[in-house]
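Here's the structure, in structure tokens; my notes come after.
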Amino acid sequence: MTEAYRCLKKGLELLGEGQNRKAAAELERAKELEPGRGSVLEALGRAYFNDGKTRKARLQFEEALEVDPTNAFARYALGKCLWKMGERKGALGQLKLAVAMEPDNLTYRRELEMREWPTGREGDG
């Protein structure tokens, strides 16, 4: 097992336990060892987001999308970051793309519906 994989595995374990800061530390190490690895970027974004570091999370999800533009989870998570940062139009765009990529994913659909629901118009709410 490579050191990067060990760090990723440990980071995911910590993330599952809700230990977001410790997870981020492991995942940052994995990113140093394996830059541009989509699975690491996605997990690191999750750790940052769960720890309230929305801007840092956004950067990881954007980087994950540079690696793989078809990563529906990264689009969904980027949409959540953008919404939290007040960028409603961009958030709705990312959420719509995530739903278009995985139309059967109820999590993505519910998030989009919840964001569109207040007025039914983009950018409001």
Side-chain angles (χ1 to χ4, degrees):
M1 176 180 332
T2 68
E3 178 67 9
Y5 181 73
R6 188 203 62 74
C7 291
L8 173 60
K9 188 174 176 183
K10 182 65 175 175
L12 289 171
E13 180 182 306
L14 291 165
L15 194 58
E17 295 170 359
Q19 297 186 52
N20 299 307
R21 287 190 180 150
K22 289 181 180 178
E26 288 290 335
L27 295 164
E28 287 166 354
R29 177 73 177 132
K31 183 179 176 182
E32 288 174 12
L33 295 167
E34 293 278 339
R37 176 79 53 158
S39 57
V40 173
L41 297 166
E42 184 180 300
L44 184 54
R46 287 175 46 211
Y48 286 149
F49 187 85
N50 292 344
D51 197 33
K53 298 177 180 172
T54 308
R55 291 188 191 287
K56 289 179 97 172
R58 174 187 181 169
L59 294 173
Q60 299 312 306
F61 295 127
E62 288 174 338
E63 196 172 334
L65 288 167
E66 288 176 18
V67 172
D68 179 10
T70 65
N71 182 334
F73 178 82
R75 295 227 174 258
Y76 159 77
L78 177 57
K80 288 186 69 159
C81 289
L82 293 171
W83 188 270
K84 199 169 184 182
M85 295 171 71
E87 298 180 34
R88 307 297 197 236
K89 190 172 184 176
L92 288 171
Q94 292 300 322
L95 293 170
K96 287 176 182 178
L97 283 170
V99 169
M101 291 173 166
E102 293 186 15
D104 294 331
N105 188 309
L106 292 178
T107 300
Y108 301 170
R109 294 180 69 80
R110 286 183 183 137
E111 187 73 27
L112 177 59
E113 289 167 4
M114 181 174 66
R115 301 302 173 201
E116 288 183 317
W117 171 251
T119 63
R121 296 190 321 248
E122 278 189 28
D124 291 346

Side-chain contact test, heavy atoms from C-beta onward, threshold under 4.5 Å: evaluate it for Gln60 versus Lys31 and give yes or no. yes
Do Lys84 and Phe49 meet the cation-pi criteria used here (NZ or CZ under 6.0 Å from the six-membered ring centre, within 45° of the axis)? yes
Any salt bridge linking Glu111 with Arg115? Criterion: basic side-chain nitrogen under 4.0 Å from a carboxylate oxygen. yes
Where is the tightest heavy-atom contact between Cys7 and Leu33, given as atom of each residue plus distance? SG-CD1, 4.5 Å
Residue pair Gln94 / Leu65, side-chain heavy-atom distance below 4.5 Å: yes
Validation row: Arg46, Leu12 side chains within 4.5 angstrom (heavy atoms): yes
Does Arg6 have more than 12 heavy atoms from other residues, nucleotides or ligands lying within 6.0 Å of its CZ? yes
For the residue pair Glu42 and Ala64, what are the closest heavy atoms and their distance? N-CB, 4.4 Å
If every non-hydrogen atom of Asp68 is compared with every non-hydrogen atom of Thr70, which pair is closest and at what distance? OD1-OG1, 2.5 Å
Find out whether Leu59 and Glu62 are in side-chain contact, i.e. whether some heavy atom of one side chain is under 4.5 Å from a heavy atom of the other. yes
Below 30° counts as parallel, above 60° as perpendicular, anything between as tilted: where do the rings of Tyr108 and Phe73 land? tilted
Residue pair Ala30 / Leu8: nearest heavy atoms and the distance that separates them: CB-N, 4.0 Å
If you count heavy atoms of other groups shown closer than 6.0 angstrom to NZ of Lys22, is the number above 12? no
So do Gln19 and Glu26 actually touch side chain to side chain, heavy atoms under 4.5 Å? no
Check this for me: does any side-chain nitrogen of one of Arg110 and Glu113 sit under 4.0 Å from a carboxylate oxygen of the other? no
Taking all heavy atoms of Phe61 and all of Gly45, pick out the closest pair and write down the distance. CZ-C, 3.3 Å
A side-chain contact here means heavy atoms from C-beta on lying under 4.5 Å apart; do Tyr76 and Val99 qualify? no
